[in-house]
**Student:** 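Encoded as structure tokens, here's the structure I'll be asking about.
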2 protein chains.
Amino acid sequence: MDARSPSSNESPWLPFESRRRARDEKREAVLRTAVALFLEQGYHRATLNEVARRLNITKPALYNYFRGKDEILFECWAIGNELVDECIAETSAGGGSGLDKLRKLTVRYAELMTADYGKSLVRFDLRDLSDDNRKIVQSAKRRIDRAFRDYITQGIADGSVKPCDPKLSAFAIAGSLNWIGHWFQPDGALSGRAVAEEFAIRLTEGIARTSRNTTSKKKADKSPRKGNAPREEQSEHHARTAARAAGQSKRARSRLR
Amino acid sequence: MDARSPSSNESPWLPFESRRRARDEKREAVLRTAVALFLEQGYHRATLNEVARRLNITKPALYNYFRGKDEILFECWAIGNELVDECIAETSAGGGSGLDKLRKLTVRYAELMTADYGKSLVRFDLRDLSDDNRKIVQSAKRRIDRAFRDYITQGIADGSVKPCDPKLSAFAIAGSLNWIGHWFQPDGALSGRAVAEEFAIRLTEGIARTSRNTTSKKKADKSPRKGNAPREEQSEHHARTAARAAGQSKRARSRLR
DNA sequence: ACTATTTATTACCCATGGGTAATATACGGG
DNA sequence: CCCGTATATTACCCATGGGTAATAAATAGT
């Protein structure tokens, strides 16, 4: 709706850009609606007619943006996966002991599980995807598991974590976090952040070497960066090359490596 | 109603019993096949034709035992729920501190999650059930959650568990266990029992007050609860006096209480 | 204005699979 | 031998919903 009027001469670039952006915004609006509906009703009960109805369009219009229902599902999952990848990348980039990293990832991952795109990572069924996309998801899941496992291994090496089986411990922690995506409801008594921080403590204190008392609440772990509470930047994803009618988004693909 | 004829040479009871037993065995064979298929393919992809085919019968034959697909799903769930109820009942009946009970329930529940009927408790979707059955499942889920929560509360009271929020701690533990039902595969490297025992330790050591022996403390279980087992509020579910043919199993119903 | 492209709609197709009716077969009892 | 009941089969029905023309409406570029 901007239709930004250039000062004197109109450049053909801006209309082009605005059109591309309008398309991307519509694409993401579809995904937002779809992920909410899929979570609300389950993938198989949710119909594309209903997705379209909530967007005030009709079903065939969706096929301008996606090849089919399962691709919509995959793209919802891909957005959630981007968010997890960011968590892992930032956690790995930051310093600290293995336990520090484990806790940092835990709290961020937990909070993801309280939001729609995060839930899509654990509530959607791999078997609803095409073979190609299923392979992508499976390898991404392994990558997430490996992050947890690596931090634990690292923690054992640097002494911040008690000796334990990294594989099973990672399963135990990640499982508890994944389950959040099944029960958390944003209108409940607990905020997502509260759940995340409580879980981060609860799940790591069992394997932390420094057996700190739970009631101490010594928040010595004040995060070193400033308090930018909501991760709300990053609204501009681009680097799309061609129109690629109704194909998978380059954005999601590129992040998936 | 039927003729209680004085059996001179042969009692009419035996044929009747054997026939009824044959029917029950067939019913359970259906459920075994169905739960395996539902887990293997997912409820919506699994077809009754395929269930029947695996049993060497045809689809309409299934309707001699069940009213429909969703009732088969419910009955699978009900068997799993029986098993959990037994775990809870035995754990509550047995002695020990709150932590002891928590660990006992944890290990048994974890092992359940490695078997088909246990998995059905956490892999099946409530929304696929009829309204009546969904309410039953929901109340049973609350009952399970309360068992975990009660043991933790009890453990805090008797000193075997560190002070913590029972609700969140129960979520953390049960979530981790429930997730086992999503990843465990019996042909993997880990046996169900090994996973169960490892998880029981891993998940409770974080909130245990003493990492050493736990039973030496005071019992202090004189909490004035009316009765030992967690009584259910008698919601009287089986109001549906359905037709005799193809109704839900009395057995499962009776255990659901 | 005209033309091409994108985007949307209406009107369909049709494979799928849960469920049912009519009917055949097995079996125990009188 | 016949009858009633339980159990199974064959042959259907049909609602659902993903997907696809054919086509109209908006939009940009010339």
Side-chain angles (χ1 to χ4, degrees), chain A residues 1 3 6 9-27 29-30 34 37-38 41-53 55-73 128-130 242-247, chain B residues 1-27 29-30 34 37-38 41-53 55-73 128-130 243-247:
Chain A
M1 225 20 159
N9 53 354
E10 67 267 11
S11 167
W13 301 87
L14 285 186
F16 174 77
E17 275 298 309
S18 77
R19 274 187 63 177
R20 190 187 60 74
R21 180 137 124 200
R23 183 185 165 86
D24 277 3
E25 277 168 9
K26 287 179 186 170
R27 239 187 96 98
V30 172
L37 188 69
F38 290 167
Q41 304 191 341
Y43 177 71
H44 288 96
R45 268 173 300 278
T47 70
L48 292 185
N49 274 323
E50 175 65 13
V51 172
R53 198 193 59 76
L55 291 162
N56 298 317
I57 56 176
T58 56
K59 176 178 62 172
L62 297 173
Y63 284 81
N64 283 316
Y65 304 97
F66 302 96
R67 293 196 145 91
K69 195 185 184 188
D70 67 302
E71 188 181 289
I72 295 178
L73 185 73
D128 290 317
L129 299 172
S130 70
R244 182 73 182 281
Chain B
M1 312 316 170
D2 48 357
R4 297 291 189 90
S5 64
S7 60
S8 55
N9 46 11
E10 284 178 345
S11 167
W13 299 79
L14 286 187
F16 175 78
E17 275 299 312
S18 76
R19 277 186 61 177
R20 195 184 62 73
R21 191 166 65 226
R23 180 184 167 88
D24 277 3
E25 276 168 12
K26 287 179 187 169
R27 239 187 96 97
V30 172
L37 189 68
F38 290 169
Q41 304 191 340
Y43 177 71
H44 288 97
R45 267 173 301 278
T47 70
L48 293 186
N49 274 322
E50 175 64 13
V51 172
R53 196 193 61 77
L55 292 162
N56 299 315
I57 56 175
T58 56
K59 178 176 62 172
L62 297 173
Y63 286 81
N64 282 316
Y65 304 98
F66 303 96
R67 297 201 140 111
K69 194 184 184 188
D70 68 301
E71 189 182 288
I72 296 178
L73 185 74
D128 290 318
L129 299 171
S130 69
R244 284 292 308 127

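Labels below follow one simple rule: chain letters A, B, ... track the order of the sequence lines, proteins then strands, and each chain is numbered from 1.
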**Student:** CG of A/L73 to CG of A/L129: how many Å apart, nearest 0.5 Å?
**Tutor:** 5.0 Å
**Student:** Take atom CZ of A/F66 and atom P of D/dT20, then tell me their distance rounded to the nearest Å.
**Tutor:** 16 Å
**Student:** Within the structure shown, what part of the strands sits under 4.0 Å from A/A46 by heavy-atom distance: base, sugar-phosphate, or nothing?
**Tutor:** sugar-phosphate
**Student:** Within the side chain of A/K69, is there an N or O that forms a donor-acceptor pair under 3.5 Å with the backbone of A/A46?
**Tutor:**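 Checking the backbone N and O of A/A46 against the side chain of A/K69, a donor-acceptor pair under 3.5 Å is found.
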**Student:** Does B/R23 put a side-chain nitrogen or oxygen below 4.0 Å from OP1 or OP2 of D/dA6?
**Tutor:**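 So the side chain of B/R23 is outside the cut-off, no N or O lying under 4.0 Å from OP1 or OP2 of D/dA6.
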**Student:** What is the separation between atom CG on B/L62 and atom C1' on D/dT9, rounded to the nearest whole Å?
**Tutor:**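 Checked: the CG to C1' distance equals 12 Å.
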**Student:** Is any side-chain heavy atom of B/D128 closer than 4.5 Å to one of A/H44?
**Tutor:** no
**Student:** Could you check whether B/T47 gets within reach of a base, just the sugar-phosphate, or nothing at all, counting any heavy atom under 4.0 Å?
**Tutor:**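 Sugar-phosphate contact only - B/T47 comes under 4.0 Å of backbone atoms but never of a base.
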**Student:** Any side-chain N or O of A/K26 under 4.0 Å from OP1/OP2 of C/dA8?
**Tutor:**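 Result: yes.
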**Student:** Looking at A/Y63, does any N or O in its side chain come under 4.0 Å of the phosphate oxygens OP1/OP2 on C/dT6?
**Tutor:**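 For C/dT6, neither OP1 nor OP2 has a side-chain N or O of A/Y63 closer than 4.0 Å.
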**Student:** Grab the CD1-P distance between A/I57 and C/dT10 for me, whole Å please.
**Tutor:**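 Spelled out: CD1 on A/I57 to P on C/dT10 is 12 Å.
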**Student:** For A/K59, which contact category applies under a 4.0 Å heavy-atom criterion: base, sugar-phosphate, or nothing?
**Tutor:**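 Answer is base: heavy atoms of A/K59 come under 4.0 Å of a base.
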**Student:** Side chain of B/A61, heavy atoms from C-beta onward: which of C/dA8, D/dG18, D/dA8 has the nearest atom to it?
**Tutor:** D/dA8
**Student:** Write down the distance between CG (B/L48) and C1' (D/dA8), rounded to a whole number of angstrom.
**Tutor:**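 About 16 Å, once rounded to whole Å.
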**Student:** Rounded to the Å, how far apart are B/H44 NE2 and C/dT16 C1'?
**Tutor:**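 Rounded to whole Å, this separation is 13 Å.
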**Student:** Can you tell me the distance, in whole Å, between the CG atom of B/L73 and the P atom of C/dG18?
**Tutor:** 12 Å
**Student:** Roughly how far, to the nearest 0.5 Å, is the CD1 atom of A/I72 from the OH atom of A/Y43?
**Tutor:** 8.0 Å
**Student:** Decide side-chain contact (heavy atoms from CB on, under 4.5 Å) for B/E50 and B/R53; before the verdict, give the C-alpha distance in whole Å, the side-chain angles of both, and the deciding distance to 0.1 Å.
**Tutor:** CA-CA 5 Å; B/E50 175 64 13; B/R53 196 193 61 77; 2.9 Å; yes
**Student:** Roughly, in whole Å, what's the span from CG in A/N49 to C1' in D/dA15?
**Tutor:** 14 Å
**Student:** Roughly, in whole Å, what's the span from CD1 in B/I72 to C1' in C/dG19?
**Tutor:**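 Taking CD1 of B/I72 and C1' of C/dG19, I get 12 Å after rounding.
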**Student:** Where the side chain of A/N64 is concerned, which of C/dT9, C/dA8, D/dT20 is the nearest nucleotide?
**Tutor:** C/dA8
